[in-house]
Amino acid sequence: MSEHDRIRVLSVLVEDGSNTLSKVSGLIRRRGFNVHSISVGPSGDPGRSRMTLTVHAGHAEADQVRKQLERLVEVVEVEDVTGEQVHSRELVIAKVAPDQVDGLVKRGAKVLDTGSGGTTVEFAGEGKDVGDFINELVQHGAVNVARSGPVVMRRTA
Amino acid sequence: MILEALEREGVEFIFGYPGGANLPIYQHLPEHPKLKHILVRHEQGAAHMADGYARACGKPGVVFATSGPGALNLVTGLATAYMDSVPMIAITGQVASTQVGRDAFQETDVIGATSSVTKHSYLVTNIDQLPRVIHEAFHIASTGRPGPVLIDICKDVQQATAERVDIERLEIPGYVLNGHVDLDRAGEAARAVAGAERPVILAGHGVILSHAEAELREFAEKAGAPVGTTLLGVGAFPVNHPLSLHMTGFMGTGWNLKAVQNADVLMMVGMRVDDRVTARLADFAPKVKTFIHIDIDGSEMGKNVRPHIELVADAKNALEAMTPQIGELHEGRGQWFSQIDAWREEHPLKYTHSNGHLQPQDVLIDMYRRCRSEAIVVADVGQNQIWAALWWNYDRPGLFLNSGGSGTMGFALPAAIGAKFGRPDTAVWCVAGEGGFVMTAQELSVAVEHQLDIKIVLLNNFSLGMVRQFQDDFYGGVRSESELTHMPDFVKLADAYGMPAVRVDRFEEIGPAMDAAERTKGPFLIDFRIDPEANVYPIVPLGKSLNDFWEAPDK
C-alpha cells in the first residue's frame, strides 16, 4: 500500500462556535490520531462550517476518527469521502524570482503581483499537482510558500 | 434565572461552594427553598457527591463552583463521572464577559481545561442563551450515554434578566440518540449466542444505566449463557445466580477468566472493553469465533475489539429485541456448564483467615451478613475496591458504587455522602483505604452537619496497598514511597469532626464494632487495622494475558 493510499479524507459539517475548532483538534490530539491537514471555512448553511480533514490512517483508524467526531455535539455530520468521486483542490501562494515566472505560468500558475522583491503567484489543483508545483518551486529556490489543506466536494456527475 | 431553570429541571440538591464569580447566583439562593444546597469543604468533594447522588438515584447531580481554582478543583470529579458515564451538571462562575481573555482575577479557561472530561460544555456570555443552554445541558447529560456537562456562566450574565424563552422544543442537530434496534442484527446476535457451544456474556455499566438487568437475566436464562460483569457492571447480574461468572477483568475470578478465555462466542453488552477487562489485548478471548458488541455509543465498536456483530443501541432495547429470536440451543451446553463448575471448584475466591492479623475479607464478610442486599456500598480505589467488589454477593444494580474508569482515590467518602442524599432510606456503607480516605476527609464535616447515616469502614493497612502489592509483584519488590506513616489517629480525627468512631485490631472486635455502627444514628467510623501484607487475588500480572492470573497462595 502506498503512502497516498493511507490518506483518508473526512468532510465534517460543524456548528460555528468559539470552541468548535479547539474541540475537534483536541479530540484528534487526545485520541492520538495522525492528522495530515485540516482546513475550515464557512459552509452553505448559515451558522455552520465545513472542515476537511485528511488523516494518515488505515480504514479502521479513520473509522474511529469519524465515530469519535460524531460524538461531539458540535459536529453535525461526518462523511468519509476517501475514494469517492470528489473534486479536491488545494491552493498555494508563493513568492518567486522573476526568471521563474514564465515557466510557472505555463504550468497554470497565475501572477498576483510583481514588485522589487519578486513576483507573487498562485496555483490551485489536486494535492499531487500542488505537491509537484511546490517541489519545482523549492528546487528553484522560491523564498516563501504558503499552502492550504485540501477542500473537497462530491462530483455532480 | 439560573435557579428557576434548575427548579424546572426538577433539581433537589446542589453540591457547591461560593466564590467571587458565582456570588450573584448565591445571592438569590435563599429565595429558592426547594433547591437544597449542600456546602462542601472542597469543590472536588462537590463533584464526587453529585456523582454518588446520580449513581444512587439516577438523576443528574448538580454542582456549583466559582471561577478559576473553584472550577479547576472540579476537574478530577468531572473526569471520574465522564469515564463512568455518570450524568452531572456543573455550573461554574466565570469572570464578566468584558473581562474574559484578559487574565482577570480568578480567570481560567475552564471550557478549555474541561473539554476532554465533559460530554459537552457551554460558555454563556449572553443572558438570552441561558434558558436554552440549561435545558439542553440536562437533556445531553442524562440521555444516550450519560455524562457530565459543564456550563460556564459569565458573572454579568448571572446578574442579567431576560424574558422567559420558549424552550419546549430542543433542536440539537449534532446530538443523535441511538434508539433504533436493527431487528435482523439482533436476531443474528441472539442465534449466535444460543447456537454457541461455549457462550459467555459480559455485562457492563451500560446494563445498569439502561435498567436492563431483568432483560439481561431473561436473555441469559433462555439462551443458556453464563454472565460475568465488569467492575462497573457489578450488580447487573446476581452473583448468586447459577449462571453467574462473578467479576471479569484482570482482578476477576478465576472461573470467569477461564470461561472468557475458552468461549467460542462472547457477547459484550454496555461496556467499553477496556484494558482492565482484556489484559493483554492480543490474547483476549482467543478462541472466540464471534464477538458481539452491544453499546449505545457507536464509537465503542471496534475501539479495542472488533466485533463480528455490532448493535449500536440501548442495552434494554437490544436485549428485548434479541430474546424472542433466540432459537435452538447448542446441544453441548451441559458440558460447558460442567466445565465452568469444575473451574469454579478449582479456582475459588480464597484467603487465609487466621494468620494473626485482621483480614479485610473478615470485615467484608461480617458486613455482608448484616447488610445483604439492603445497603449501598461505596468503595474507594485500590485493594479496598476490589475486595468490596468480590467479597459480596450483589444481587441487583445500584448497590455497589465505585470509580472504575478513572480510578479516583478520595471518591468514596463524598460519593457516599451524595448517595445518601439520593437514597435517604437505604443504608450507605463507605469502604476505603486510609490513603484515599485522607484525600477528601474534609467532607466529614458534611456528613456530621447533616447527620447522614453513613458507616465508614476504613481498611487501614498503613500503606498504599495496591501500590505496595504492585511493587512487590511487578517492580522488583522495591517498596518505594508506598508506606504511609504519620497518618492521623482516625478515631481522634472523627472525634474532632464531632462523630463517633472505634478502632478494631482483632477479629473478635469486628462484631461489636459493627453493632455499634448499626446502633448509631448518623455517621460512624471504624478504623480496621488490617494485615499490612494482605493482597488482592486473583490478579493478572501487568502486561500478561488473562490466562496468566495468579491466585491467592495457600498458606
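So that the names make sense, note that chain A is the first sequence line, chain B the second, and so on, each numbered from 1.
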Toward chain A, the part of B:I140 with a non-hydrogen atom under 4.5 Å: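 For B:I140, the side chain is the part near chain A, not the backbone.
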If I measure from the heavy atoms of chain B, does [X] come under 4.5 Å with its side chain, its backbone, both, or neither?
| X | value |
| --- | --- |
| A:Q68 | both |
| A:R29 | neither |
| A:V75 | backbone |
| A:E70 | backbone |
| A:R66 | neither |
| A:L72 | backbone |

Supply the atom-to-atom distance [X] [atom1] to [Y] [atom2], rounded to the nearest 0.5 angstrom.
| X | Y | atom1 | atom2 | result |
| --- | --- | --- | --- | --- |
| B:S121 | A:E74 | OG | CD | 7.0 Å |
| B:N304 | A:Q64 | CG | CD | 8.0 Å |
| B:I111 | A:S22 | CD1 | OG | 9.5 Å |

Heavy-atom closest contact (B:R145 atom, A:R71 atom, distance):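 Smallest heavy-atom distance, with atoms named: NH1-NH2, 3.9 Å.
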A:V73 versus B:K119, closest heavy-atom pair with distance: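 Closest approach of A:V73 to B:K119, heavy atoms only: CG2-O, 4.5 Å.
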Other residues, nucleotides, ligands: >12 heavy atoms within 6.0 Å of [X] [atom1]:
| X | atom1 | answer |
| --- | --- | --- |
| A:H36 | NE2 | no |
| B:D103 | CG | no |
| B:R102 | CZ | no |

Sidechain-backbone polar pair: A:K67 side chain, B:G302 backbone, donor-acceptor under 3.5 Å: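 Not at all, since once roles are kept as given, no pair shorter than 3.5 Å links the two residues.
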